[in-house]
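One structure is given below, encoded as structure tokens.
Reckoned from all heavy atoms, side chains included, excluding hydrogens, waters and symmetry mates.
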Amino acid sequence: MSYAAVVVGSAFVPYLPLNPNPNGSLPSPNNTSNTGGVGCGGAEETHLSTMKPTVTVAASSGFKWRLVIAYDGTHYSGWQYQQSPPTIQCIVEKALTQATKLERKDLLLVGASRTDKGVHALGQVAHFVTPFNYDSLESIHAALNGLLPSDIRVREISPAMPEFHARFSAKRKIYHYKIYNDTIMDPFQHRYAHHSAYKLNAAVMREAASYFIGKHDFSAFVNASHNDRVRDPVKNIFRFDVIEMGALLQLEVEGSGFLYRQVRNMVALLLQIGKEAIPPDIVPMILASRDRKELAKYALSAPPHGLCLVTVNYNEEHLGLPSSCPKTSFGRHHTISKCKLPFY
């Protein structure tokens, strides 16, 4: 079975601030007056005079569209919809309602991963539906990014097959967790990497990470969630790499899916092992216990800001483009027309 990634990343994927202000700060999601973005309440309306969808009436299922979204999660309470404090889904839906003139209930926006508060994304995938088709996706793409605050960006928008579902069609997900391992924290990394002043042994962390690979019951690594249904605790981890890049340690984990806070809990245990406080072979013992209290004896969850959703993979057939739909938009470059000077 072959898989295709909506976002194809290299081995080392940086996720630096998205369009930061000159002073290095990011705009607040509740204050969009300086960014042209939208919030979930009291947002400034943006007129989309250039947005003219084709007047085509779709079948009852409508037209489905796939988004690839990047965001800095610092100021947001995760992906899942809620108005206050605002979430990524809330902000994206607000922009979509303005761009499409549709109600939230009609858009049916769904994300591939419900990232937690403070977690970032380079390749979050979502889909929404409209009753009409578009001649071109470049205009709505530009409009959405014009409406969104600068710490959220739609990287790609494309037509989707009717059977595509951003969450349930996903086959693999890749997360990166960054650890800055030095005595003094790099101020340019503090939003996106966890600082460990303890000298970490990457070799024993790598050995411990290998125990996670394969199909296991991860009940010991899941936190209880009040807004989630009971999920299958058995997940398949395809790889778990510990990569050294100078003072930066990048933990890359790829799996069939992840339970609530599973990645952060695995990272937390690896941090304790890296400090040589506990041995690497404690991992299979905790896995076998299937008891969250057993993990709690050794580690708490790692902070959210070091975590980033990098890629979501789907079967090739789910990424096919339907007929009679516009091409995928990756954004457009601005150009300057040549000035024609008169002859004298």
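Linking Ile, Leu, Val, Met, Phe, Trp and Tyr residues whenever their side-chain heavy atoms come within less than 4.5 Å leaves L109 and M161 in two separate clusters. The hydrophobic clustering, which links ILVMFWY residues whose side-chain heavy atoms are closer than 4.5 Å, places L287 and I213 together.
At distances below 3.5 Å, at least one donor-acceptor pair connects side-chain atoms of N181 with backbone N or O atoms of S196. No donor-acceptor pair under 3.5 Å is formed between the side chain of H120 and the backbone N or O of L309. Of the possible polar contacts, one joining the R153 side chain to the P149 backbone as a donor-acceptor pair under 3.5 Å is found. Using modelled atom types, one side-chain atom of R155 and one backbone atom of L122 make a donor-acceptor pair closer than 3.5 Å. At distances below 3.5 Å, at least one donor-acceptor pair connects side-chain atoms of D217 with backbone N or O atoms of S219. In this structure, K101 contributes its side chain and Q98 its backbone to a donor-acceptor pair below 3.5 Å.
Relative orientation of the W65 and F63 rings is parallel, given thresholds of 30° and 60° on the angle between their planes. Taking the six-membered ring where the residue is Trp, Y180 and H195 present tilted rings, their angle falling between 30° and 60°.
Aromatic ring centres of F164 and Y314 lie closer together than 6.0 Å. Aromatic rings from Y177 and Y175 are positioned such that their centres are separated by 6.0 Å or more.
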Requested in this report: Quick one: do E254 and K173 satisfy salt bridge (charged side-chain N to carboxylate O under 4.0 Å, His left out)? Show the steps, please.
Outcome: CA-CA 6 Å; E254 179 176 359; K173 296 176 183 177; over 6 Å; no
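Within the cation-pi definition used here (under 6.0 Å to the ring centroid, within 45° of the axis), K275 qualifies as a partner of Y198. With F221 as the aromatic partner, R292 does not meet the cation-pi criteria of under 6.0 angstrom to the ring centre and within 45 degrees of the ring axis.
Looking at every heavy atom in both residues, Q262 comes nearest to G257 through OE1-O, 4.3 Å. Across all non-hydrogen atoms, the minimal contact from H190 to M185 is CA-CE, 3.3 Å.
In this structure, D116 pairs ionically with R264, as a charged nitrogen and a carboxylate oxygen lie closer than 4.0 Å.
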